[in-house]
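Both ligands and their constituent atoms are indexed starting at 1 by order of listing.
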Amino acid sequence: MDARSKTGVSIRSATKRYGAVVGLDDVSLDIAPGEFVSLLGPSGSGKTTLLGILGGFVKPTSGSVWVGERDITFEPPHKRDIGIVFQNYALFPHMTVGENVAFPLRARRLPKGGWAAKVADALAMVELSGYENRGIAQLSGGQRQRVALARAIVFEPQLILMDEPLSALDKQLRENMQIELRRLHRKLGATIVYVTHDQREALTMSDRVAVMRNGRLVQIDAPERLYDRPCDRFVASFIGEATLLNVARAGDSAVKLGDAVLHTAHPLPRGEELLLAVQTEKLRIDDNADEQADGGGLNGVNRLRCRVTEVLYQGESLRVFATLADGTAISLRQPGSHHARTRIPPPGNDMTVVIDPQDTIVVAA
Ligand code: ADP
Ligand code: MG
């Protein structure tokens with residue numbers, strides 16, 4: 001809402017032990033002012049713990065938290081100037097919408113004269129103008145979530161933390177709210193740290209996505225980069241819909257998959273055990289390649305002969321399962337358009353699929 005929002009936040013070597021369990025394992029992370037960063041990872045990977053350390057309701061066992069130049073590691077939550085939104089909204093059911101949204105102003109003992117205008121501004125921001133006197137019970141799930149948002153932004157915090165705020169909503173509403181949150185982020189200019197276990201949501205909303213596993217930060221990158229260049233097997237399998245295939249090194253920029261040599265536009269990782277990570281939508285059916293042999297580089301693409309085993313119609317797209325000559329299973333996605341569908345041979349028939357060397361991603365096994 002104002003220029004004060006322009007403060008970044010840093011975590012330095014934060015570790016959190018819960019008895020014998022390591023909830024967070026030596027995580028460092030710099031978030032730029034105004035950035036939208038998602039923490040993405042499976043259940044138990046440490047997302048909520050990291051968010052809790054940022055918010056002040058989890059004390060790190062070691063390490064520190066900084067907002068701008070200020071060490072806030074031991075500052076209590078209410079002193080932190082941080083807005084928080086949880087999955088279950090945590091609204092006060094006996095208060096009106098207006099009273100709920102005004103709560104942080106009361107808690108911060110801001111002058112009462114200014115409350116009404118601030119509440120009205122915050123409600124306008126989430127497109128609930130005029131809802132001040134409604135009861136919480138009268139609201140839909142999406143409206144409640146927006147009230148929770150209004151409450152988090154009403155005191156114009158520099159930093160907003162959200163822990164799976166949309167996971168209780170149905171798909172349609174969730175997708176609408178994702179768009180609204182992006183819009184709100186642009187409007188507020190605040191720094192947002194957003195926890196989700198939904199990779200699609202993280203890719204949709206974020207400037208950068210931090211992938212977590214077992215309390216560690218595995219990779220932090222812009223969505224496209226994360227998708228195109230996963231740093232390891234875990235990220236490759238967690239982002240998108242990839243098939244991971246064992247391959248052998250075949251020179252500096254090529255791997256062998258069965259008898260086929262595939263070229264990659266990227267440096268190969270170290271080590272002898274390698275996996276080719278193929279996102280299903282990066283494989284394309286080649287219509288006019290019957291006479292081509294398996295292998296790479298021709299016309300800038302890699303070719304693979306395979307036999308169709310199953311075609312699943314899934315609405316907007318089709319999933320095609322196939323096997324390579326050595327029996328290795330692969331799968332690809334084709335658009336649901338009539339044109340694309342006519343190009344898929346029926347099960348039992350052979351086809352050639354192609355993959356661009358730019359899309360040929362190899363990770364360590
Ligand atoms: P996520 O939000 O990614 O699901 P959490 O940060 O909640 O992960 O948990 C990370 C790890 O720490 C898990 O193994 C979890 O069981 C453990 N943990 C989290 N909070 C506590 C707690 N209060 N007491 C004991 N263990 C905890
Ligand atoms: Mg959690």
Side-chain angles (χ1 to χ4, degrees), residues 9-31 35-66 72-78 80 82-91 141 144-145 148-149 151-152 159-171 174 177-178 181 191-206 208-221 223 226 230-240:
V9 59
S10 299
I11 289 224
R12 298 192 190 151
S13 301
T15 292
K16 176 64 184 179
R17 292 196 187 84
Y18 300 101
V21 176
V22 182
L24 199 68
D25 189 3
D26 192 20
V27 167
S28 296
L29 177 60
D30 286 315
I31 298 168
E35 198 176 16
F36 193 126
V37 170
S38 287
L39 308 179
L40 173 70
S43 176
S45 58
K47 307 181 296 294
T48 295
T49 300
L50 179 47
L51 205 72
I53 290 173
L54 287 171
F57 35 95
V58 173
K59 289 273 162 270
T61 310
S62 59
S64 57
V65 189
W66 298 73
I72 60 160
T73 313
F74 298 104
E75 241 172 49
H78 65 274
R80 287 196 178 194
I82 292 175
I84 298 168
V85 188
F86 292 109
Q87 173 179 357
N88 52 11
Y89 325 136
L91 297 175
R144 285 180 202 193
Q145 190 51 270
L149 263 172
R151 190 178 58 181
L159 176 63
I160 303 173
L161 307 178
M162 303 193 197
D163 197 349
E164 313 228 4
L166 308 184
S167 60
L169 306 179
D170 65 40
K171 184 167 181 283
R174 201 162 66 228
M177 286 294 298
Q178 288 170 2
L181 278 177
T191 308
I192 296 184
V193 184
Y194 187 95
V195 165
T196 181
H197 64 268
D198 178 343
Q199 48 111 353
R200 218 185 147 90
E201 183 164 288
L203 296 179
T204 304
M205 305 192 58
S206 320
R208 284 191 302 161
V209 179
V211 181
M212 299 188 65
R213 182 193 192 198
N214 294 338
R216 290 185 154 264
L217 196 61
V218 185
Q219 182 173 4
I220 175 159
D221 262 317
L226 201 64
C231 72
D232 70 4
R233 173 194 187 123
F234 173 74
V235 179
S237 61
F238 198 69
I239 303 287

Which heavy atom in [X] sits nearest to a heavy atom in [Y], and how many Å separate them?
X: Val27; Y: Gly215; value: CG2-O, 3.4 Å
X: Thr196; Y: Ala202; value: CG2-CB, 3.8 Å
X: Arg17; Y: Thr61; value: N-OG1, 2.8 Å
X: Leu217; Y: Ser28; value: CD2-O, 3.6 Å

Under a 4.0 Å heavy-atom cut-off, which residues neighbour ligand 1?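 Residues near ligand 1: Tyr18, Val21, Gly23, Pro42, Ser43, Gly44, Ser45, Gly46, Lys47, Thr48, Thr49.
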With side-chain contact (heavy atoms from CB on, under 4.5 Å) as the test, pick out the partner of Leu39 among Thr49, Asp163, Val193. Val193
Ser38 side-chain N/O to Leu40 backbone N/O, donor-acceptor pair under 3.5 Å: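 No, the answer is negative, given that no donor and acceptor are paired below the 3.5 Å cut-off.
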Within the 3.5 Å criterion, strictly below it, is a donor on Asp26 or Thr15 matched to an acceptor on the partner's side chain? no
Does atom NZ (Lys171) have a neighbourhood of more than 12 heavy atoms from anything else shown, all under 6.0 Å?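 Count not over threshold, so no.
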Test item: Tyr18 and Val58 side chains (from C-beta on) under 4.5 Å apart, heavy atoms: yes
The Mg ion (ligand 2): protein N, O or S atoms that are less than 2.8 Å away, sorted by chain: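 Atoms qualifying: Thr48 OG1.
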